[in-house]
Amino acid sequence: MSGTPTLCSKAINNSEEAFVPDNRAEIKLSGILARRVLFFTLVFLLGALGIGMMFEILRSNGVTVLEISLLLLFGITFLWIVFAFTSGAIGFVLQLLRLDPLTLQRQTSVPSPEPAVSTRTAVIMPVYNEDTARVIAGFEVSLRSLEATGQLEAFDFYLLSDTQDPEIARAEAGAWQQLCQRLGPLASHVHYRRRTDNSGRKVGNVSDFCCRWGDAYESMIVLDADSVMTGECMLSLVHAIEQNPTAALVQTVPIPVRQETMFGRFLQFAADLYSPMLATGLAFWQTDTANYWGHNAIIRIEPFLQHCGLPELKGPGPFGGEILSHDFVEAAMLRRAGWNVILLADARGSFEEVPSNLLDYATRDRRWVQGNMQHLALLTGSRLHGVNRLHFLLGAVAYASSLLWLLMLALSTIDAVVRALSSNVFFTSGFQMFPNWPIAKTGLIFSLLSFTVALLILPKVFGVVIALLQRRAQFGGAWRLTVGAIIETLFAILIAPLMMVFHAYFVVSVLIGHKVSWNAQGREGRMVPWGEAFSHTFPATFVAILWGALTYVLTPVFFWWMTPVLAGLVLAAPIVRYSSSLALGLWLRDLGIFIAPSEAEEPPVLAALSVSLQANGTDYPSVPEPATPPSRWRDMPIQSFAK
């Protein structure tokens, strides 16, 4: 491959070469229309096949309002599955053939040296009431990794604090002073600013930076409070912007790291195993209209400043008011203005951390549900690209599908119970000469079930095949990789019903107007207490027990079909409790289960992060807040979706 600027990743052993592109080449997209025609044709054909099979099953004994409702719910959720499967399948083929998803050119195993950058870039880290030690450590190790490349002179780092808690603000000021002392001469490249009024939350924080200091830089690399990025990865992003003058945003695929609980290690393993392949498929058909995920990306400042001033949406919540999930919207506004947004699926050295237990993970999703559902109000926005409208729709359906699945299961239960109670009624009219014999299309039912399961499971199989062929040593070897993938799949099936209930509840809460506060995320490992586990799962468990008892008595066959769903809900509290266990996570690691590439061969930047967290401590002096660096203000025009 000679088109995509990427970090030259190191091979783990001689049998697994790193295939990388030439970092200095322009990304040349070709056949954009043909790619999208191919992708959507596959989606249409697979979707039509599944929905058609469901229609044949339902219409065999006459179509009722209940069954029409079931077909509609099934159609929406099935298409969501088909979209994910098709992206994964395309990513699998491209990775198998070692083709870059953007240029469709062959990758090469000969790494190229990083050329000198010619523009100035700001690396910004917006934070809000975060763990000070972790923020400063990640900030410092990313800077020192960039220094090791010899190109730090072209960069400045900004810690943009929106912290409102006085104790955390005091700690930030003390930790910043210690950081500047450690950096010595390098301190000239770092700046700290704290807003006492965090209006606009993260959007306002980033916008404030662009208005104050944006004209001094060509681009900004946006990191989250838990982000770490290697110097080579940062250079590759700058090269992508420099060599592609029509690109305004280049997104990497952040890989979760540093997880110790069983649940955290499950997420970490799955993300590194499947995300690169899925992202490859997305990049293939999204091409120049990719999405922004809010962090671990580079943005060209001038178009961002001119076109990404977010308006308030008209009307009350949940669809009106301040835009909550800004990233999708900013990508759409850049694309509307004629700029390209690109996903680098094969970039390496972009890391993040994730919630370490199921409840904290669901809490993070609760915030995203509210923001993504609000995007439905933007579907009719003026001059938006069709792919961006699809991003908005799919982002909302990603969570709304849980409510639809739950409704579909409930309607299926009603349908099964009604059929069970009326199974011996063959004459439904007093003037009927011939009986209505019930028709059971058992073969078609099994075919549809097998088809659906295949669409859900095959992307995981594809990911394992790619890893076995190209990255098995990074996961501890073929045996550990295979066992880990099997356990990951089984655990994903086990927790799926509980996540379905959580997401369905969140969607309903949003639709009836309940709001959620956007606070700092919990990322450190903790064992969830039994009381907390039961309090969050008991309603779902109680309903599942009643549900199971009803179906077991009235329609035993349907009860056994429902067993995987009911089991996950009945066992919800123990699942939450024990999956948050640090001891279980470490035990699995000792067994070689869920070994991730960041553990098989730890990147230097992550090793430095661990050392920094252990060495620097949390004893911070009480010092005056650092002075805000000099700035030159520029206004950020507010955009409109009505014109």
Side-chain angles (χ1 to χ4, degrees), residues 36 39-59 63-89 278 281-282 285 291 318-319 325 328 365 368-380 386-416 444-445 447-459 493 496-512 561-562 564-565:
R36 290 175 182 164
F39 175 78
F40 287 106
T41 298
L42 292 174
V43 169
F44 174 79
L45 292 176
L46 292 172
L49 178 59
I51 295 171
M53 293 169 70
M54 186 65 168
F55 177 72
E56 285 297 318
I57 292 169
L58 293 176
R59 80 181 185 94
V63 179
T64 65
V65 173
L66 177 63
E67 288 164 340
I68 292 174
S69 301
L70 273 173
L71 183 63
L72 177 62
L73 294 174
F74 175 81
I76 297 172
T77 53
F78 189 78
L79 281 174
W80 165 248
I81 294 172
V82 168
F83 263 97
F85 168 80
T86 307
S87 292
L278 296 174
L282 291 175
W285 65 268
N291 225 339
F319 301 113
S325 286
F328 283 31
D365 277 1
W368 291 355
V369 168
Q370 184 170 351
N372 283 23
M373 294 299 293
Q374 188 187 44
H375 290 165
L376 294 175
L378 301 177
L379 289 176
T380 58
V387 173
N388 289 120
R389 298 182 201 272
L390 183 62
H391 289 326
F392 291 154
L393 179 62
L394 293 179
V397 171
Y399 294 108
S401 61
S402 291
L403 177 60
L404 300 182
W405 275 112
L406 192 59
L407 290 173
M408 189 165 62
L409 289 173
L411 292 179
S412 297
T413 302
I414 295 172
D415 188 53
L444 192 57
I445 292 172
S447 296
L448 178 57
L449 179 64
S450 301
F451 185 34
T452 305
V453 171
L455 293 179
L456 290 168
I457 297 298
L458 276 177
I493 293 171
L498 183 58
M499 294 306 301
M500 174 186 68
V501 170
F502 279 150
H503 288 163
Y505 171 72
F506 297 157
V507 170
V508 172
S509 296
V510 168
L511 294 177
I512 64 177
W561 281 107
M562 285 286 294
V565 174

Q: Mind running side chain to side chain contact (heavy atoms under 4.5 Å, CB included) on Q374 and S325 for me, showing each step along the way?
A: CA-CA 8 Å; Q374 188 187 44; S325 286; over 6 Å; no
Q) What's the verdict on side chain to side chain contact (heavy atoms under 4.5 Å, CB included) for N372 and H375, showing C-alpha distance, side-chain angles and the deciding distance? A) CA-CA 5 Å; N372 283 23; H375 290 165; 4.1 Å; yes
Q: Take F328 and F392 through the side chain to side chain contact (heavy atoms under 4.5 Å, CB included) test and state the conclusion after the steps.
A: CA-CA 7 Å; F328 283 31; F392 291 154; 3.7 Å; yes
Q.
Walk me through whether R36 and V387 qualify under side chain to side chain contact (heavy atoms under 4.5 Å, CB included).
A. CA-CA 10 Å; R36 290 175 182 164; V387 173; 3.9 Å; yes
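Defined by atom type and a distance below 3.5 Å, a donor-acceptor pair is present between the side-chain atoms of S87 and W285.
Side-chain contact check for L403 versus H503: every heavy-atom pair is 4.5 Å or farther apart. For the pair V510/F506, no side-chain contact is recorded, criterion being any heavy-atom separation below 4.5 Å from C-beta on.
For the atom pair L409 CG and L404 CG, the distance stands at 11.0 Å (nearest 0.5 Å). Taken from OG1 in T86 to CG in L45, the straight-line distance is 9.5 Å, to the nearest 0.5 Å. Here CG of L511 is found 9.0 Å from CG of L376. Values are rounded to the nearest 0.5 Å. Note that CD1 of I457 and OG1 of T452 are 11.5 Å apart. Values are rounded to the nearest 0.5 Å. The CH2 atom of W405 sits 9.5 Å away from atom CE of M500, with the distance rounded to the nearest 0.5 Å. Taking CG of L407 as the reference point, atom OG1 of T77 lies at 10.5 Å (rounded to 0.5 Å).
Nearest approach of I57 to L448, heavy atoms of both residues: CD1-CD2, 3.8 Å. Counting all heavy atoms, side chain and backbone alike, M499 lies closest to S402 at O-OG, 4.4 Å. For the residue pair I51 and L71, the shortest heavy atom distance occurs at O-CD1, 3.9 Å. The shortest non-hydrogen separation linking P564 to W561 is CD-O, 3.5 Å. Between W80 and L394, the shortest heavy-atom distance links the atoms CZ3-O, 3.6 Å. Across every non-hydrogen atom of L406 and A504, the tightest pair is CD2-CB, 3.9 Å.
Applying the 6.0 Å contact sphere to OH of Y505 captures no more than 12 heavy atoms from other residues, nucleotides or ligands.
Scanning for side-chain contact (heavy atoms from CB on, under 4.5 Å) contacts around S412 gives L70, M408, F558, with sequence neighbours left out. Residues satisfying the ring-ring contact (aromatic ring centres under 6.0 Å, His included) criterion with F451, sequence neighbours excluded, are F78. Residues satisfying the ring-ring contact (aromatic ring centres under 6.0 Å, His included) test with H391, not counting sequence neighbours, are none.
Using the six-membered ring where Trp is involved, F40 and F83 have ring planes that are perpendicular, over 60° apart on the 30 and 60° scheme.
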